[in-house]
Amino acid sequence: MNAHPHQSGERLAVVHNGIIENHEALRRELEAEGYAFTSETDTEVVAHLLERESRQAGDLLTAVQRVLARLDGAYALGVIHAGEPDVVIGARKGSPLVVGVGIGEAFLGSDPLALLQVTDRFIYLEEGDAVRLSAGGRIEVFDAEGAAVEREVQTFEHGDGAASKGDYRHFMLKEIHEQPAVIAAALEGRLGDRSALVESFGPEAEALFRQARQIHIVACGTSYHAGMVARYWLERYAGIPVQVEVASEYRYRQVVVPEGTLFVTLSQSGETADTLAALRFARTGGYLASLAICNVPGSSLVRESDLSLMTQAGPEIGVASTKAFTTQLTALMLLTLALGRVRGLDEAVQAEVVTALRGLPRLVERVLELDPAIEALSMAFVEKHHALFLGRGAHFPIALEGALKLKEISYIHAEAYPAGELKHGPLALVDSDMPVISVAPNDELLDKLKSNLQEVRARGGELFVFADEGWG
Ligand code: BG6
């Protein structure tokens, strides 16, 4: 768990992932009782609540269970107390928590990857579960009602060095270079000679896809950008109307759901709280069915959706998403082809896209061969504080994703615009201090894009264009 421990006094400490939504009311209650806070965090509220309860309850587990009943929001917790030195209590609701099962020992973590160095056997705790780990590796799981339950121990599938950096300097670089292999894995067994295999999405997929009249795609961050790209593909090839929305907006909106709407979530982890909440809301909202496109088998999103397709990217350890994004795009093109097939997309076009998809891993390899050239280009950004990304059509969301990556990784402020919007404001910001990055494939929008880039040049902007061979 990537979280700072918080203490209440000298005897109790807690780590927490997630958000406690009612922390302010709880804080006021505790302050009125004399608890002194050293931070503004919701985690410290949990620590003091636990401390108060542990003085009344007979044992730490009971104290945790009583506190859980007071918490609104999403959390994964780990708790220790000096009074029970051989015990660790864990609990989850809305955020993932796994128990690593060792030999004579047990571990708690938010992600099995963090524990792969010590075990490859895991218990995936369910919503509302609490667990008591005691000396000697004893593991007791209790459900949301407090009843003792058995949860299956599962062996992790990717024990093949996925959690090691190998020869790479960091995980993100390793994962960027894994793309050709994982894109091939995402296609494996899902393409026929001239069309996609619709049953890759599940045995009921064909019947459901035939009834689909529109699609709502909901996701967060990079996954949302993948969904935005897919809208262009699905409308163009499958002729189906698509709405794409960030989950944190969708879940609080009064959504109107037309009949025959397929609800699609995209997520690397399958545990993102807003995406999961959106799915749970959608399940009551009159949708035709739900489909999760996800990288983690057995994740909450996959378990709770009617249909699922795994992106097969393998564990993504780098915080900034890379191979997860490109395998999502691959999966979304498979969805486009599958829907296109049941909706009568021209067979020659299907065959052409299938051939292009089969060639994709090799093309990505060729792009990766540009690594030294791109590294040299990056030197131009070292002293810059801002950057502008431009794209048109399906490459507008690619520009958004580029800007997100630059922000996340280098802390350089970056914005993305559809290139046609440049003249409606952002052009005013362009000068020799503003690098402008664009993806300019040789498609029907290239000439339009070139004229947008001319405007940048005219203002003395420095252009970085990723283009097909033969760009003039
Ligand atoms: C963010 C990550 O917190 O969550 C992004 O930094 C990611 O990289 C986003 O795209 C959504 O995550 P997921 O697992 O639902 O795709």
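Whatever order the structure lists them in is the order used to number ligands and atoms, beginning at 1. Residue numbers count from 1 along this sequence. Nothing here was measured: the structure is a model prediction, and the numbers come from that model.
A side-chain N or O of Gln179 and one of Thr326 form a donor-acceptor pair less than 3.5 Å apart. Checked by atom type, the side-chain pair Glu127/Ser300 shows no donor-acceptor distance below 3.5 Å. There is no side-chain donor-acceptor pair under 3.5 Å between His424 and Tyr417. With 3.5 Å as the limit, one finds no donor-acceptor pair spanning the side chains of Thr155 and Arg121.
At least one N/O-N/O distance between Gln268 and ligand 1 falls below 3.5 Å.
Listed by number with element, the atoms of ligand 1 under 4.0 Å from a non-hydrogen atom of Glu408 are 6 (O). Taking a cut-off of under 4.0 Å to the non-hydrogen atoms of Ser223, the atoms of ligand 1 that pass are 10 (O), 13 (P), 16 (O). Applying the 4.0 Å criterion to heavy atoms of Thr222 picks out, from ligand 1, the atoms 10 (O).
For Glu271, the heavy-atom gap to ligand 1 stays at 4.0 angstrom or more.
Put simply, atom 11 (C) of ligand 1 has protein non-hydrogen atoms near it, under 4.0 Å away. Shown here, atom 4 (O) of ligand 1 is out of close reach of the protein: none of its heavy atoms lies under 4.0 Å off.
Among protein heavy atoms, atom 8 (O) of ligand 1 sits closest to Val319 O, 3.5 Å.
A salt bridge between Glu401 and Lys405 is present, with a side-chain N of the basic residue lying under 4.0 Å from a carboxylate O of the acidic one.
If you check each of Ser269, Ala273, Cys220, Ala320 against atom 14 (O) of ligand 1, the one with the closest non-hydrogen atom is Ser269.
Remark: side-chain polar atoms of Glu175 are paired, donor with acceptor, to backbone N or O of Ile317 under 3.5 angstrom.
Between His216 and Tyr287, the ring planes are perpendicular. Angles over 60° get that label, and only those under 30° would be called parallel.
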